[in-house]
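Heavy-atom basis, side chains included; hydrogens, waters and symmetry copies ignored.
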Amino acid sequence: MLMSPDIVSDNMIINVGGRTDIVNYYTPWLLNRLSEGYAYSRNPFARENVYKLSLKPEDVDCLLFCSKNYQPILEHIGSIDEKYNILCNYTITAYGKDIEPKVPTINQSIKTLKRLSDIVGSNKILWRYDPILLTEKYTIEKHLETFEDIVEKISPLVYRCIFSFVDMYKKVEENMPEIIPLTEEDKVKLLKGIGEISERYNLYTQSCATNESYEKYGIHAAGCTTREILEQAHNVVYKNVKGTGIRENCHCIPSRDIGAYNSCLSECKYCYANRKPEIPKNVIKLHDEKSPLLLGHLKEDDKLIDTEVIRYIEPKQTTLFDF
């Protein structure tokens, strides 16, 4: 193992869930990493490069969670919230076990969401209804019916709703051939319905990962991790950082992911992060909850690269949310 002589400058919004559902399946590992104050993150494209990221509260601008099940971390999230700025993306969709085999039911998820909201506050929770895809079972009507049923129950518990239409990556087409391609007419029906339901329940709803404007349907512009969202959640002022995102048409502030691809065990058929549904069952054998890496350990030919912390939070200023 080599330690790089270079120090990479790095922002300190830590993504806990972009590559895999850490909260659902790897909470003990995460708690160990927070306790020890650092984690290693392997570059998925240049795998010999491993970055050492500080997880000390004074170095982290935000812990950005994304999960389909917060139950494993509920008893710890309050103490984490006391030490860190956190933002929780909670995904609850219309799909059942036929598409999301290991994901809790809608009713179970709403029950957990209520507890999460009681602990951290609705201003730190973003409900994700995505990706929207069509099959013979999950029709436009089914989506709108389920969407309204969920909104009616959770609108007071979340800050806003974020949705996206499915991205038809090659692996998605291979793993889920039953998907019916969305037409522009389909999208318009969904957008009108989602917009009308959101207005009815006074829920701020926005799109994700698109440059298209849906404002005429009452749906706001994309950007899931923006200055506005972070500032209202944490009552601090963030620097005006350009959103570069993590995939095409993403408008989010840059973050560093501490997870690993091909390691989510939810078995969602539309999954973007796993190449094949069966891979995580083998990859999980590499997991050691005491290792700084989510999967495996450092190898002799790995290049460990230290990172210099760059904070996005400005020195304490009065914000609009102080009034």
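Within the 3.5 Å criterion, the main-chain N or O of Tyr84 finds no donor-acceptor partner in the side chain of His234. With hydrogens and angles disregarded, a donor-acceptor distance shorter than 3.5 Å links the side chain of Ser117 to the backbone of Leu157. Between the Tyr138 side chain and the Gly96 main chain, a donor and an acceptor come within less than 3.5 Å of each other. Within the 3.5 Å criterion, the main-chain N or O of Tyr238 finds a donor-acceptor partner in the side chain of Arg227. Checking side-chain atoms of Asn274 against main-chain N and O of Cys264 turns up a donor-acceptor pair under 3.5 Å. For Tyr270 (side chain) and Glu173 (main-chain N/O), no donor-acceptor pair under 3.5 Å exists by modelled atom type. Judged by distance alone, with hydrogens and angles left aside, the side-chain atoms of Asn15 form a donor-acceptor pair with the main-chain N or O of Gly17 at under 3.5 Å.
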key: side-chain contact (heavy atoms from CB on, under 4.5 Å) evaluation trace for Ile305 with Val50   = CA-CA 6 Å; Ile305 303 171; Val50 179; over 6 Å; no

Asn175 and Lys269: CA distance, side-chain angles, deciding distance, side-chain contact (heavy atoms from CB on, under 4.5 Å) verdict = CA-CA 6 Å; Asn175 295 333; Lys269 295 183 72 174; 5.6 Å; no

ask   = After noting the C-alpha distance and the side-chain angles of Met12 and Ser255, does the key distance pass the side-chain contact (heavy atoms from CB on, under 4.5 Å) rule?
value = CA-CA 7 Å; Met12 290 311 291; Ser255 62; over 6 Å; no

task = Before giving the answer on side-chain contact (heavy atoms from CB on, under 4.5 Å), spell out for His287 and Glu289 the whole-Å C-alpha distance, their side-chain angles and the decisive distance to 0.1 Å.
result = CA-CA 6 Å; His287 176 65; Glu289 66 183 44; 3.9 Å; yes

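Partners of Ser266 according to the side chain to side chain donor-acceptor pair (under 3.5 Å) rule, which considers only residues two or more places apart in sequence or in another chain, are Tyr25.
A distance of 6.0 Å or more separates the ring centres of His76 and Tyr70.
The pair Asp149-Lys153 meets the salt-bridge criterion, since a charged nitrogen lies less than 4.0 angstrom from a carboxylate oxygen. Asp288 and Lys290 are not joined by a salt bridge, as no carboxylate oxygen comes within less than 4.0 angstrom of a charged side-chain nitrogen. Salt bridge absent: Lys68 and Asp21 never bring a charged side-chain N and a carboxylate O closer than 4.0 Å. Using a 4.0 Å cut-off between charged side-chain N and carboxylate O, Glu228 and Arg160 make a salt bridge. At a threshold of 4.0 Å, the pair Glu36-Arg33 counts as salt-bridged, since one of the basic side-chain nitrogens sits closer than that to a carboxylate oxygen. With respect to Arg42 and Glu48, no salt bridge is recorded, no charged nitrogen being found less than 4.0 Å from a carboxylate O.
Counting heavy atoms of neighbouring residues, nucleotides and ligands inside a 6.0 Å radius, atom CZ of Arg115 does not exceed 12 of them. The number of heavy-atom neighbours closer than 6.0 Å to NZ of Lys216, taken from other residues, nucleotides and ligands shown, is 12 or below. Heavy-atom neighbours of Lys171 NZ from other residues, nucleotides or ligands within 6.0 Å: above the threshold of 12. Summarising the local packing, CZ of Arg275 is surrounded by 12 or fewer heavy atoms from other residues, nucleotides or ligands at distances under 6.0 Å. The environment of CG in Asn282 is crowded: more than 12 heavy-atom neighbours from other residues, nucleotides or ligands sit within 6.0 Å.
Among Asp59, Ile258, Asp257, Val60, the one residue that satisfies the side-chain contact (heavy atoms from CB on, under 4.5 Å) test with Leu53 is Ile258. Just one of Arg311, Arg256, Lys239 meets the salt bridge (charged side-chain N to carboxylate O under 4.0 Å, His left out) condition when paired with Asp61; it is Arg311.
A perpendicular orientation is assigned to the rings of Trp127 and Tyr129, their planes being inclined by more than 60° (bins at 30° and 60°). A parallel orientation is assigned to the rings of Phe163 and Tyr214, their planes being inclined by less than 30° (bins at 30° and 60°).
Two residues are said to be in side-chain contact when any heavy atoms from C-beta on lie closer than 4.5 Å; Gln206 and Ile229 meet this criterion. Using a 4.5 Å heavy-atom threshold, the side chains of Met176 and Glu178 count as touching. When side chains are defined from C-beta on, Thr91 counts as touching Thr93, because their heavy atoms get closer than 4.5 Å. Using a 4.5 Å cut-off on side-chain heavy atoms (C-beta onward), Thr226 and Glu231 make no contact. At least one side-chain heavy atom of Phe147 sits less than 4.5 Å from a side-chain heavy atom of Ile197. For the pair Leu31 and Ile80, the minimum side-chain heavy-atom distance is below 4.5 Å. Residues Lys56 and Val309 have side chains not in contact (no heavy-atom distance under 4.5 Å, counting atoms from C-beta outward). Using a 4.5 Å heavy-atom cutoff, the side chains of Cys268 and Tyr95 are not in contact.
When all heavy atoms of Ile313 and Asn85 are compared, the pair lying nearest together is CD1-ND2, 3.4 Å. In this structure, Ser263 and Val283 approach most closely via the heavy-atom pair CB-CG1, 4.4 Å.
A cation-pi arrangement, defined by a distance under 6.0 Å to the six-membered ring centre and an angle within 45 degrees of its axis, is present between Arg19 and Tyr261. By the 6.0 Å and 45° rule, Lys52 does not stack over the aromatic ring of Tyr40.
Judged purely by distance below 3.5 Å, without hydrogens or angles, the side chains of Ser207 and Glu212 never pair a donor atom with an acceptor atom. A donor-acceptor contact closer than 3.5 angstrom links the side chains of Thr183 and Asp186. No hydrogens or angles considered: nothing links the side chains of Glu82 and Ser79 as a donor-acceptor pair under 3.5 Å. Side chains of Tyr217 and Glu196: a donor-acceptor N/O pair is absent below 3.5 angstrom, by distance only. Side-chain atoms of Asn43 and Asn49 form no donor-acceptor pair, as typed in the model, at a separation below 3.5 Å.
Tyr204 and Leu87 fall into different hydrophobic clusters, where Ile, Leu, Val, Met, Phe, Trp and Tyr residues are linked whenever their side-chain heavy atoms come under 4.5 Å apart, directly or through other members. Grouping the Ile, Leu, Val, Met, Phe, Trp and Tyr side chains by contacts below 4.5 angstrom, directly or via other members, places Leu74 apart from Val103.
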